[in-house]
Structures are given as structure tokens and as C-alpha cells.
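Take a look at the structure below.
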Amino acid sequence: MGRLTMATRKELTAAAGARYRTSDRAKKSRILDEFVDITGFHRKHAMRLLRGQEDAGPGRRARRRVYDEAEHNALVLLWEASDRICGKRLKALMPALIEAMERHGHLDLGPEIRNKLLAMSAATIDRALARVREGLGRKRRRHATHSLRRSVPIRTSADWNDPSPGFIEADLVAHSGPSARGSFIQTLVLTDIATGWTECAPLIVREQTLLSTVLTELRKQLPFALVGLDTDNDTVFMNETLKAYCDAANIVFTRCRPYRKNDQAFVEQKNGAVVRRMVGYRRFEGLEAAKLLAELYRSARLFVNFFQPSFKLMIKQRDGARVRKTYSAPATPHQRSAADARTPDTVRHHLQEIYAALDPVALLRDIRGAQERLAALADTQPIAHPAAASPSIDLFLASLRTAWKDGAMRPTDRPIVKAKRGRRRPDPLIRATLDLRKWFEAEPWRTGSELLSRLQAEYPGAYPNKLLRTLQRRLKSWRSEKANALLFVPTEETLLGHEVTTTQ
């Protein structure tokens, strides 16, 4: 039998106690035996509970009061003198603070009170000051999502059991680039468990009202009704706004276990196979980037859901340390929706009409154009007009025949363009560069220390010893130039320039 909750114990105690107090000795013995067997309480403790002499707690006794009003008043004074810091900091400050206040005549504590204050723990300090802090009108900050998170049931990847189309996993993909500082765009990804149908939309900011609005628009694009929504424990999902939204729309709202990404294996796979594959890892922020992402996802949703087959895990068996997985034959989300007997005929015919009108090459061309403009925007390059940037279908199809020769074709896969790092402070040797260069040309074997000593002699007090490393780097580049001039044969233009110089 499982462990009883406190609420169950209280209900059981109230029900059995009423019968126990009105029964004779024999019935009391039988009731007590049953109560002990069910609750696991000690017999004496169970007797006191049934008599109503104690509450339903686990045999707690009233704690002896250790700190009186004198210690409490002294603690409040010390807390105010410390500028109302928390209990952990006040505990560390207490010895020095008491000594300083007594030294200046602000405090006169008896030995007993002083010892009690110094022995008081940080948790006890906070409990003793709780009533005083409440009177300040400033409530202790609590995370509202804690109780709400407990009210949302947990669903793992093993709990789906072949659901009908409409049960969705949702997640956010951050487009922050190498740094998560500041505001950046995130992509909301929805993946259907039964068919693998995937919808994506950009979010300019992480905000629960905006998330609900975008979710409403994505529901209009889904070929089936949204029945269930499974998310992670992010606060953008775990809030009253989204929970009320799901309750109003009769959507089953569940969550995964914290720090268990495998509980959302379906959408996590699409995060990489769809979003990262299409968008890459650049940083995107602002309205212009959000518009380009929305344009990309309009074409990508049709290309992925109608022309991108994928595998689906059907059976997973563990034999010791070996795991055997059985996958279905690769199929597109459209094909899985059409093959599912639970899909209505109207939805099946509507998807077939959309499929018949789609051109995969045109969709891929639009995807490449949006990717090109996204990469250019992220790399701060000038963006051409969208109409001028899109080639014709014939030219794009011709380019696909030899695209493999150029390697990666997705513009978002190109290496991120990084600005060259230049000098961040003025050149400390700029006034002496001509002299140093002349001395180096005359005597290239001189070391940096020798040239710095000569420079200090020519300009007393202007060039300190800390410039030695800078001068050594300068000499290294000059020697490299000299070596290149000696090793490599001069070009024709160089020779002609040399002849002109000599004749002049």
C-alpha cells in the first residue's frame, strides 16, 4: 500500500475518531487495530489522535520557546541598524555589529541575551523577523509558476500511446547567435505526434500574450484541430495566460519533466531538422528579421510537410544494454495524415488539393531567397530587392544540377562574416615610426630593446619601457616584409616600377 497523504490521514482520523469516541471498549479495540494497520501510526499515537487529543500531524509536540521578547526586541534593533539585510547576512554581521554598537554606547545586552543572539541561526532570524517585515507592506516575492506548474500534469514520451492527430509538442528555438544578451527573436515550433506535421512562427520577444496570439494564428494553419499542447517548463509556457487560453479552448495542457529533453523528443528533433537546418545559428533581432523569418516559414511549412519524408519510431525494445528500435517507412506528414483512418475526409481532400497545386522547385527557390536575405541581414550586408533577388524557375532549376560542386548551398550555412579586429587605441609609436623604420632599414639586425633604448635617448621621457612588446611586434612585421622581398621573385610591374625609379 502506498504512503498516505496528509489530507487522507486527516480525513481518515476524523471519520474513525467520531466512531471511536462513541463506541464501547471492544469496538474501540477493533477500530484502533484497523486504524493502525491502515496508517502505520504507533498505537499510542493513534489512540491520542482518535480521542481528539492531538492533530493529525506525525506526533509533533509543542516546541519549547527559546527566544523571549527581550531577544526579539534586540534582534529587531540589530536588523534596523544593519539596514534591514537578510538573515544569512545578519547572522554573519551579528558579532561585529553587537561589538560596535556596545562600544559606542548604543546597546547594552546582558550575557544571556547576547549569547542567545549569537547562537541564533539564519533561518530562525528570518522567522523571528517575518512578522515585522509583513508590517512594512512589502511581501516576499514568490514564483507564481510553482503552484501553477504543479497543477499542470506531466507527460513523458512513453505516455503518448499512439494519439490521434492534434496532440502537439511545442518548444522555442532561440536565435541569439553566440551571445544570449539583449533581445533576440525566437521561433515557436509546433510538432504533431501522430503525423509529424510541423508549424513555425517567429516571436519578436518572449511574452506570454504574444505567444497566445501567435498560437492562435498557427492553429488556423493546422490541418486538424489542436487537441493537446505539451510544453517544457519554461516560464513563457508555465503561466496563467497560456493555461487560461488552453482551458477556454478545451486544449489538454501538459508539460514534460524538468531537464528531461527526451520527454519532448518529437519537437526537439524538428528544432534541428527544420529550424536550425533552415535558419542556422546566426543572431536575428528586430522587425525586419522577424518579417524575413515569417516569409521563410511560409514556404518552409509547405516544403517540409508535403515534400520532406521522415522516419517515425514505432517500437523500442531494450535487451540489457542494447536497445533495438523499429522505424516506420519514411513518409511525409501529408502522407501520414492521409493514411490515418482518424483523419476526416474533408481534411484529407483539402490537403490533396493543396498538394496538387504545389511546385517543390518554386518552394525551394523561395526558401533559398529568404535564406539569402536573412544571412545578409545578420551579416549586415546590403539586401537587394526581393523581386530582383529571386531568379526564374528555369535558372534556379539549372543551378540545382551543378549545385553539388559548390558545396553548401543554403546561405544560412555559410560561415558567419566577422568584422576584422582593428586597433582599439591610438598607436603609441606613431610619431617615432619614421625614425624607427629608418634605423631598422640601416641596421635590421638590431633588437627591439636596442631600438627602444635609442628611442628613449632621442626622446627622453616620451617612450617608457612598457612599449617594448609593441615595438617587438612592429619589428616582427617589418622583418616578415623583408623576408618576402628576398624570397619571392618580383613581378613584372614591380620590375618596371624599379626601372622607372632608377632612370629618374
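Predicted model only: the values in this text are computed from it and were never measured. The first residue in the sequence is number 1, and the count goes up from there.
Using a 4.5 Å cut-off on side-chain heavy atoms (C-beta onward), I113 and L117 make contact. Side-chain contact check for Y259 versus N233: every heavy-atom pair is 4.5 Å or farther apart. T198 is not listed as a side-chain neighbour of P333, based on a closest heavy-atom distance of 4.5 Å or more. Using a 4.5 Å heavy-atom threshold, the side chains of L467 and P464 count as touching. At least one side-chain heavy atom of Y459 sits less than 4.5 Å from a side-chain heavy atom of D435. Counting only heavy atoms from C-beta outward, the side chains of H72 and V132 approach each other to under 4.5 Å.
Applying the ring-ring contact (aromatic ring centres under 6.0 Å, His included) test to F306 and every residue at least two apart in sequence or in another chain returns W197, H334. With sequence neighbours excluded, the residues that form a side-chain contact (heavy atoms from CB on, under 4.5 Å) with Y327 are F311, L313, K325. For I204, the side-chain contact (heavy atoms from CB on, under 4.5 Å) test picks out L287, A290, with sequence neighbours left out. Not a single salt bridge (Lys or Arg N to Asp or Glu O under 4.0 Å) links K316 to another residue, sequence neighbours left out.
A salt bridge links E99 with R103: at least one charged nitrogen is closer than 4.0 Å to a carboxylate oxygen. Electrostatic pairing of E295 and R373 counts as a salt bridge here, judged by a charged N lying under 4.0 Å from a carboxylate O. Salt bridge status for K438 with E458: absent, with no side-chain N to carboxylate O gap under 4.0 Å. Between R298 and D366 there is no salt bridge, since no side-chain N of the basic residue sits under 4.0 Å from a carboxylate O of the acidic one. Between R133 and D126 there is a salt bridge, since a side-chain N of the basic residue sits under 4.0 Å from a carboxylate O of the acidic one. Salt bridge status for E217 with K220: present, with a side-chain N to carboxylate O gap under 4.0 Å. One finds a salt bridge joining E441 and R437 here, because a Lys/Arg side-chain nitrogen approaches an Asp/Glu carboxylate oxygen to under 4.0 Å.
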Problem set entry | Intermediate values then yes/no, side chain to side chain contact (heavy atoms under 4.5 Å, CB included), T209 and Y245 | CA-CA 10 Å; T209 305; Y245 177 90; over 6 Å; no
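The CD atom of E199 sits 11.0 Å away from atom CG of L226, with the distance rounded to the nearest 0.5 Å. Atom OG1 of residue T191 and atom CD of residue Q269 lie 8.0 Å apart, to the nearest 0.5 angstrom. Rounding to the nearest 0.5 angstrom, the gap separating the CG atom in L203 from the CG atom in L215 is 10.0 Å. Of the inter-residue distances, the one linking Q472 atom CD with L451 atom CG reads 10.5 Å to the nearest 0.5 angstrom. Rounded to the nearest 0.5 Å, atoms CG (L229) and CG (L190) are 7.0 Å apart. Distance CZ/R149 to CZ/F237: 13.0 Å, rounded to 0.5 Å.
In summary, the side chains of R127 and T124 do present a donor paired with an acceptor at a separation below 3.5 Å, with no hydrogens or angles considered. A donor atom on one side chain and an acceptor atom on the other are found under 3.5 Å apart for Q456 and N465.
Closest of all the heavy-atom pairs between R255 and D232 is CB-O, 4.4 Å. Counting all heavy atoms, side chain and backbone alike, L97 lies closest to L78 at CD2-O, 3.4 Å. Listed here is the closest heavy atom pair of L293 and H175: CD1-CD2, 4.3 Å. Nearest heavy-atom pair, V236 versus N239, reported as atom, atom and distance to 0.1 Å: O-ND2, 2.8 Å. Of all non-hydrogen atoms in T187 and C200, the two that sit nearest each other are CG2-CB, 3.9 Å. Considering all non-hydrogen atoms of both residues, T332 and P309 come closest at CG2-N, 3.6 Å.
Within the structure, every pair that satisfies the salt bridge (charged side-chain N to carboxylate O under 4.0 Å, His left out) test and touches residues 110-120, not counting sequence neighbours, is listed here: E71-K116, E102-R114, E112-K116. Listed by first then second residue, pairs satisfying ring-ring contact (aromatic ring centres under 6.0 Å, His included) with a partner in residues 430-452 read F440-W478, not counting sequence neighbours.
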